[in-house]
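The first residue in the sequence is number 1, and the count goes up from there. Counting convention: from 1, in listed order, for ligands and their atoms alike.
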Amino acid sequence: MKLLEGKKTADQIKEEIKEQVAQLTSVGKRPPHLAAVLVGTDGASLTYVGSKVKSCDYVGFESTLLHLDENTTEAELLAHIEKLNQDPTLDGYIVQLPLPKHINEEKILLAIDPTKDVDGFHPANFGRMALEMDAFIPATPFGIIELLERYQIETSGKHCVVVGRSHIVGRPISILMSQKGAAGNATVTLAHSRTKDLIALTLQADIIVMALGIPEFLKADMVKQGAVIIDVGITRVAVATHPKGYVIKGDVAFDEVAPKASYITPVPGGVGPMTIAMLLKNTLLGYLRKA
Ligand code: NDP
């Protein structure tokens, strides 16, 4: 069994981006600029946005955090979005989800200029991605593809079972892995909560991508010997004795599945760090497209 060390790979990608930014600024060009919009004070969102800003600083990007009050109205948020769309010094921005309940997420998503949509959630980008056209690819599936490529894991002709069909992880990774090209050409089965006899599917799989959000759902008896296991899940599980009061668990029962796997991502330190690295990569791509 080999670990797919997302943290190490993400650090490497950040070094590559940092070097490219240093080259750009050394010839008098401005650095890429990423903004994040956060509405309210959700604990997990604050942590995610904080680490995105920190990563921007590390690679030499300019970053802007627009932290808005929980009571910001939908109209006010739309006005902020319009300003970000018009800002010529901004290469990309993200709106941290979830938004407070009184704001329609779909409306906000549709208002984002697709050329600045570095999360790749706008239908224009999602559609372009599905059609194998140049697009911003959502950072988590983009990170999985990058990880598979850098570890030279053969996907062509393999059977990949993706568990979870969300718009941000399961569905896009199922599309990407079935496409022609790097980390693609797999035969993909997309499973979800209505799937019957999931075990029969996962037992056939050469590659399993778990993205459902149920801690330690995938057990050893659901996996064939030598399978590649990608664990996207991140769930905070309360542990009173832990200093933080919780531990992070993935969707895979790591200790029992790892001995059967050929490759496996740990949680934490697997897909999570790759997501942030690919967000930076998307911002750099946005910058370069404009240059
Ligand atoms: P969603 O909650 O949006 O989707 C979960 C999916 O899992 C749904 O498609 C659901 O099916 C399916 N599902 C639920 N229960 C079962 C079951 N018993 N059997 C089979 N399928 C089931 O999740 P997300 O994609 O947003 O997130 C999934 C996990 O990944 C979470 O833990 C999240 O925190 C993590 N995550 C990690 C990221 C990272 O950077 N590493 C980034 C994004 C998410 P149905 O559609 O039928 O309801």
Side-chain angles (χ1 to χ4, degrees), residues 3-11 13-14 36 42-52 54-55 94-99 105-106 109 118-121 126 136-148 160-177 188-203 205 208-219 221-223 229-238 246-254 264-282:
L3 271 186
L4 292 170
E5 295 181 84
K7 168 81 175 70
K8 215 162 138 185
T9 310
D11 286 346
I13 294 167
K14 283 190 212 164
D42 176 71
S45 293
L46 278 168
T47 310
Y48 291 142
V49 169
S51 54
K52 286 168 188 172
K54 229 166 87 186
S55 297
I94 58 152
V95 178
Q96 186 66 43
L97 302 178
L99 289 168
E105 277 187 6
E106 195 175 304
L109 198 72
V118 282
D119 258 339
F121 296 163
F126 204 92
F136 286 123
I137 296 171
T140 303
F142 196 10
I144 296 171
I145 295 291
E146 188 81 14
L147 207 51
L148 292 169
C160 174
V161 172
V162 177
V163 186
R165 57 177 163 182
S166 76
H167 295 169
I168 60 168
V169 189
R171 176 120 22 215
I173 193 65
S174 74
I175 293 171
L176 292 167
M177 291 191 68
V188 180
T189 302
L190 181 55
H192 44 77
S193 67
R194 308 291 176 93
T195 297
K196 292 203 168 85
D197 203 3
L198 180 65
I199 291 189
L201 295 170
T202 54
L203 276 175
I208 301 176
V209 180
M210 294 300 292
L212 73 162
I214 302 180
E216 303 190 322
F217 181 91
L218 190 79
K219 307 279 194 255
D221 63 0
M222 299 169 76
V223 174
I229 311 290
I230 308 287
D231 189 353
V232 183
I234 299 178
T235 307
R236 286 183 179 191
V237 177
Y246 66 89
V247 292
I248 299 289
K249 291 272 180 200
D251 289 345
V252 177
F254 185 90
I264 186 165
T265 57
V267 175
V271 175
M274 289 298 290
T275 298
I276 292 190
M278 300 320 277
L279 177 68
L280 299 175
K281 191 154 183 170
N282 271 344

Subset of ligand 1 atoms that lie under 4.0 Å from at least one heavy atom of Phe217
18 (N), 19 (N)
Would you say Gly272 touches ligand 1, if touching means a heavy atom closer than 4.0 Å?
yes
Between the side chain of Asp231 and the main-chain N/O of Asp251, is any donor-acceptor distance below 3.5 Å?
yes
Would you tell me which option among Ile276, Ile168, Thr235 has the nearest heavy-atom contact to atom 26 (O) of ligand 1?
Ile168
Look only at interatomic distance and state if Ser193 has a nitrogen or oxygen under 3.5 Å from any nitrogen or oxygen of ligand 1.
yes
Tell me, do Glu216 and Phe254 make a side-chain contact under 4.5 Å, heavy atoms counted?
no
Please write down residue, atom name and distance for the protein heavy atom closest to atom 44 (C) of ligand 1.
Val169 CG2, 4.0 Å
Per-atom contacts of ligand 1 with Thr275, taking only distances under 4.0 Å to non-hydrogen atoms
39 (C), 40 (O)
If you measure from each heavy atom of Ala211 to ligand 1, is any distance below 4.0 Å?
yes
Which residue and heavy atom of the protein sit nearest atom 21 (N) of ligand 1, plus the separation:
His192 C, 3.1 Å
Of Ser166, Ala44, Gly164, which has the heavy atom at the shortest distance from atom 25 (O) of ligand 1?
Ser166
Val163 neighbourhood, listing ligand 1 atoms whose heavy-atom distance to it stays under 4.0 Å:
20 (C), 21 (N)
So, for atom 41 (N) of ligand 1, does the protein have a heavy atom nearer than 4.0 Å?
yes
Is there a donor-acceptor pair closer than 3.5 Å between any side-chain N or O of Thr202 and the backbone N or O of Met222?
yes
Numbered atoms of ligand 1 (with element) below 4.0 Å of Ile214, judged on heavy atoms
15 (N)
Between Arg194 and ligand 1, is there a nitrogen or oxygen pair with a distance under 3.5 Å?
no
Just so I know, are the side chains of Phe217 and Leu212 near enough to count as touching, which here means a heavy-atom distance under 4.5 Å?
yes
Determine whether Val188 and Val162 make a side-chain contact, defined as any pair of heavy atoms from C-beta on separated by less than 4.5 Å.
yes
Looking only at protein heavy atoms, which one is nearest to atom 5 (C) of ligand 1, and what is the separation?
Leu212 O, 3.6 Å
Under 3.5 Å donor-acceptor, Glu105 side chain and Leu99 backbone:
yes
Begin with the C-alpha distance, continue with both residues' side-chain angles, and end with the deciding distance and a verdict on side-chain contact (heavy atoms from CB on, under 4.5 Å) for Ile168 and Thr140.
CA-CA 7 Å; Ile168 60 168; Thr140 303; over 6 Å; no
Side chain proximity check, Leu203 to Leu201, heavy atoms < 4.5 angstrom:
no
Keeping Thr265 on the side-chain end and Leu4 on the backbone end, is there a donor-acceptor pair under 3.5 Å?
no
At what distance is the nearest protein heavy atom to atom 31 (C) of ligand 1, and which residue and atom is it?
Gly213 CA, 3.6 Å
Residue, atom name and distance, where the atom is the protein heavy atom closest to atom 8 (C) of ligand 1:
Arg165 N, 3.9 Å
For atom 37 (C) of ligand 1, what is the nearest protein heavy atom, given as residue, atom name and distance?
Val232 O, 3.1 Å
Heavy-atom donor-acceptor pair, Thr195 side chain to Leu198 backbone, under 3.5 Å:
no
Of the protein's non-hydrogen atoms, which lies at the shortest distance from atom 34 (O) of ligand 1, and what is that distance?
Ile234 O, 3.1 Å
